[in-house]
Amino acid sequence: MKNAFIPYGHQSISESDVSKVSEVLRSEFLTSGPCVEKFELEFADKVGAKFAIAVNSATAALHLAMRVAGVKEGDRVITSPNTFLASANAAAYVGATPDFTDIDRVSHNLDPEELRGKWSTDIKAVVAVDYAGQPCDLPKIANIARANGAVVIEDACHGVGGGFEHNGKIWKIGGHEWADITVFSFHPVKTMTTGEGGMLVTNNKIWVDEVRRLRSHGVERREFFGLGADQDKEMCEKGPWYYEMQSLGYNYRLPDILCALGSSQLSRLECFIAQRREIVAQYNAGLSNIEWLTTPAVLHPGNKDLISWHLYTVEIDFPSIGKNRTEVMRELRDEGIGTQVLYIPVYLQPWYRAKFGYELGKCPVAETHYRKSLSLPLYSSLTTEEVERVIMAIKALGKARKI
Ligand SMILES: *Cc1c(COP(=O)(O)O)cnc(C)c1O
């Protein structure tokens with residue numbers, strides 16, 4: 001009997017998720033109805049933030065973060081090279097220069113000392129990415145950024161529901177004081193999903209109002225300044241229809257249909273995280289003591305039990321098993337196992353090279369990690385047997401070692 005294919009990531013949709021969405025489909029509002037605020041309030045409560053604003057992707061959330069933080073042309077924004085493109089692209093959307101400082105060898109997150117060493121006065125924001133779910137050293141990063149008047153945006157697309165330890169206390173991602181804005185993604189490969197979707201959380205009330213406006217075309221319904229200097233009396237009348245646009249916004253709304261799915265998935269989040277932690281523990285045990293493979297390590301021991309794992313990325317010394325990564329991925333695929341390489345250092349993308357002149361060698365630690373990295377299947381519905389199958393297939397890679 002052929003084993004079922006194990007993809008590297010997969011959503012978990014329950015019958016109760018389906019029925020929550022169906023309810024909305026039969027209701028009055030498909031978008032901008034009561035499910036949006038409900039999801040936002042529940043999410044803010046879960047992560048310990050004052051405000052949460054639902055948007056239709058984390059990319060949109062990052063873009064809005066740049067807008068409300070006032071990042072603009074001539075500014076520089078630092079992010080990790082070891083991330084998805086969107087973390088950096090958002091800076092370019094507002095005309096700023098996305099730039100990168102190197103990562104540390106253990107967590108593969110932004111190295112605060114590198115950030116400090118490479119600081120320049122035009123840096124207006126830092127996008128700190130919690131790679132694989134492991135939190136960055138936010139207190140240190142915030143210290144450096146804020147001393148220089150820069151804003152800290154935490155890209156927690158991998159880390160929903162996670163936390164970290166600092167000064168003997170436990171802090172939630174989204175609910176601590178060292179990020180000015182935190183963004184989350186609900187893409188299907190992430191820990192919880194709305195199909196497409198994202199969330200921006202902050203404690204800054206002024207930004208909240210601005211994000212809400214920008215999410216919906218920059219339009220405001222409350223009485224504002226008036227359309228302009230029109231002398232025409234009728235043009236100046238502010239009746240119940242009145243709406244006004246003071247800034248250029250977008251359509252970044254997350255529909256009720258998807259917010260209902262979000263609320264339902266959020267109610268299962270603790271369970272998703274626990275299942276992922278168990279899988280990570282099984283991988284760690286099964287893949288320890290392999291000389292050509294390094295399992296993910298936790299930089300700060302206090303964070304060990306607080307991480308919401310999104311990726312399980314191992315480092316493989318490919319030359320020592322006599323196979324390149326393409327061959328390994330093919331071999332695993334033939335065994336019915338999907339893997340991914342996350343991520344190509346963003347600055348090596350053709351657009352970044354052409355636009356900003358970035359070259360190989362810019363962030364050597366990120367490049368070394370990239371050459372060795374392989375992300376194994378990790379999603380909440382993976383069974384113990386399936387994880388064991390992956391472990392056996394990985395171990396077998398080394399058996400045919402060329403001598
Ligand atoms: C998935 C992801 C994004 C983008 O999320 P979308 O919701 O697909 O826009 C941004 N940053 C990181 C680190 C991600 O993993």
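Hydrogens, waters and symmetry mates are skipped; everything else that's a heavy atom, side chains included, is used. In listed order, ligands and their atoms are each counted from 1.
Contact annotation: the side chain of Leu374 approaches that of Val341 to within less than 4.5 Å [non-hydrogen atoms, C-beta and beyond]. Tyr8 is listed as a side-chain neighbour of Leu311, based on a closest heavy-atom distance under 4.5 Å.
Nearest protein heavy-atom contact of atom 9 (O) of ligand 1 is Thr59 OG1, 2.5 Å.
If you look at His158 and Trp309, their ring centroids are not closer than 6.0 Å. Aromatic pair Tyr312/Tyr283: ring centres closer than 6.0 Å. Here Phe186 and Phe43 bring their ring centres to under 6.0 angstrom of each other. Residues Trp292 and Phe318 place their aromatic rings such that the two centres sit no closer than 6.0 Å.
Not a single heavy atom of Ala60 sits less than 4.0 Å from an atom of ligand 1. The shortest separation from a heavy atom of Ser87 to ligand 1 is under 4.0 Å, placing the residue in contact. Not a single heavy atom of Phe184 sits less than 4.0 Å from an atom of ligand 1.
By the 3.5 Å distance cut-off applied to N or O atoms, Asp155 is counted among the residues near ligand 1. Between His158 and ligand 1, an N or O atom pair is found at a separation short of 3.5 Å.
Atom 1 (C) of ligand 1 has its nearest heavy-atom neighbour, among Lys190, His187, His63, in Lys190.
Near Thr83, meaning under 4.0 Å from one of its heavy atoms, ligand 1 places the atoms 13 (C). Taking every non-hydrogen atom of Gly197 and a distance limit under 4.0 Å, the qualifying atoms of ligand 1 come out as 7 (O). Ligand-side atoms of ligand 1 in range of Tyr343: 15 (O), range being under 4.0 angstrom from any heavy atom.
Under 4.0 angstrom from ligand 1, the non-hydrogen atoms of Ala58 come from both its backbone and its side chain.
Scanning all heavy atoms of the two residues, the minimum distance from Leu306 to Glu165 falls at CD1-N, 3.7 Å.
A donor-acceptor contact closer than 3.5 angstrom is absent between the side chains of His310 and Tyr131.
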